[in-house]
There are 2 protein chains.
Amino acid sequence: MGAETSDAPRAWRIVLEHVETQLLEGALRPGDRLPGERALSAELGVGRSSVREALRVLEVLGLIRTSAGSGPTSGAIIIATPGGGMSALMRLQVAASGFPVADIVRTRLILESSVAGDLAEATAPAGAAPDLAPAELLLDAMDSPGLTPTEFLALDAAFHLALAEASGNQVITATMAGLRSGIEGYALEGVAAIADWHATSARLRGEHRGIVEAIQRADAATARTRTHDHISGYYAETFVDTPTA
Amino acid sequence: MGAETSDAPRAWRIVLEHVETQLLEGALRPGDRLPGERALSAELGVGRSSVREALRVLEVLGLIRTSAGSGPTSGAIIIATPGGGMSALMRLQVAASGFPVADIVRTRLILESSVAGDLAEATAPAGAAPDLAPAELLLDAMDSPGLTPTEFLALDAAFHLALAEASGNQVITATMAGLRSGIEGYALEGVAAIADWHATSARLRGEHRGIVEAIQRADAATARTRTHDHISGYYAETFVDTPTA
DNA sequence: CATGCTACTGTGGTCAGACCACAGGCACGC
DNA sequence: GCGTGCCTGTGGTCTGACCACAGTAGCATG
């Protein structure tokens, strides 16, 4: 059977909307399994290839996880891991010149400063402090001598992400993961532009400690400015044209 | 030919990475046409269905636009419209409970307050003011009596987006478009929870004017707090549990 | 009766081939 | 010179086939 004769929205979109509807109705929840591709195909009256195109989209967007074989863990399972989809989106948009790197950095500045400030404010009432342990573990790991710049940057990224996670805001966490992915390539290139990596990494480590310290001291204003300066300082060192806003 | 025997990453991913590489190398730029599906299939040694799965992903992510027929506008053309992909991602993640609505609202709060403040700061040096005309046109449109709540909310969303666009940050613009899409359904439901829509819409209109006024007065602090209060106030009215942070 | 192995079944992954609708370009006829 | 219709190439879709994989049920064996 060829293309639909009448109005016919694209077949794969039918599948996508069907899944979205099921999700909204609560008929499908994280952890549930989708019907098999062949079943979905028959149920919706579209070809299996169209079903697969829709599933591929859902997979890239971090909505489902697919695995072959049989048993309860096989098939397409609803998950909700926004980080992956966000990363793919940002990476490709940067590659396609849709997202200027400077805009990504500016957005990081806004988001991360805010996260640090909120974390500090949440620390105010003693006892209700957010959990910074994961972030501090990463700081310790970054102190280990002999790290290559690449390894260091990976830990650096993980540290910033750990702060976002500590804030408990999943949207911000996923967005930051995506932003970071989008400029990962540039960050690695930027290392080459740094004259004295040893000095720079030492400074970065110190700044990280300073941010955590300000948060734990419940000093929101300092946490914000230190975060801001930390990020803009790094990009000022690696890029010629860096946003200062 | 069936599934690959050896390690073989999934075929569609090969296509995706191929396009991404071409993009990064500059071999493919916005406006360019991708090779036809059949050509790509032959070139990369994968089936056409696999090529299509990859193209579908790129399409949903806002990287390409496809159209049938012949001529220079047919085929898959590189575009970079991040808004669409971001919207799809957010909408589906909310549907799948990956993104709590409260987190989206909190993120809006951060982003939009910051945008308003930056806009005000950019206004400081006379003459270099950002272009708020599109936003003001929307405000005028919102003054028209007889708007249904749905129409009003659409204009409201467009107004907030216009501010983001005025800031010139494409990442923030796209992200805000996505955030908005993610909670669109909730916003519409929320209207029902409002006792006096007439009074509420009048208040919203006034708050919008106030934000623009503060920006034009280059009063960043006021622009920030007014934006913050505007957003959190609206959600406080429509939701029971609204973030106040 | 307990245990280990094997064949089966259902799942996604992939490919090949076919047909359709659509839109531009070209050649022919007027 | 101009208009009309065919031709070709494009995405869009479907069908049918096969493969690799993993769990499971059933059989054979101790």
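Within every chain, numbering begins at 1; the chains are lettered A, B, ... in the order of the sequence lines, protein sequences first and strands thereafter.
Residue B:A68 has its side chain nearest to D:dG11 when only C:dG12, D:dG11, C:dT14 are considered.
A distance of 13.5 Å separates CZ of B:R106 from CG of B:L179, quoted to the nearest 0.5 Å.
Residue A:S67 is classed as a sugar-phosphate contact, given heavy-atom separations below 4.0 Å to backbone atoms only. At the heavy-atom level, B:G47 lies under 4.0 Å from the strands shown only through sugar-phosphate atoms. At a threshold of 4.0 angstrom between heavy atoms, the contacts of A:G71 are confined to the sugar-phosphate backbone, with no base atom among them.
Shown for residues 28-38 of chain A: residues whose heavy atoms fall under 4.0 angstrom of DNA chain D, namely A:R38. Within residues 48-57 of chain A, the residues that have a heavy atom under 4.0 Å from DNA chain C are, in order of number, A:R48, A:R52, A:R56.
Not counting sequence neighbours, the partners of A:S181 by the side chain to side chain donor-acceptor pair (under 3.5 Å) test are A:S87.
Legend: ring pair (Phe, Tyr, Trp, His ring centres under 6.0 Å) pairs involving residues 21-58 of chain B, not counting sequence neighbours: none detected. Sorted by first then second residue, the salt bridge (charged side-chain N to carboxylate O under 4.0 Å, His left out) pairs that include residues 131-149 of chain A, not counting sequence neighbours, are A:D140-A:R209, A:D143-A:R205, A:D143-A:R209.
Relative ring orientation between B:F159 and B:H208 is described as tilted, the plane-to-plane angle lying within the 30° to 60° band.
For the OP1/OP2 pair of D:dG12 and a distance below 4.0 Å, the side-chain nitrogens and oxygens of B:T66 include at least one atom meeting the criterion.
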Distances under 3.5 Å between protein N/O atoms and the N/O atoms of nucleotides 3-9 of chain C, please, pair by pair.
none

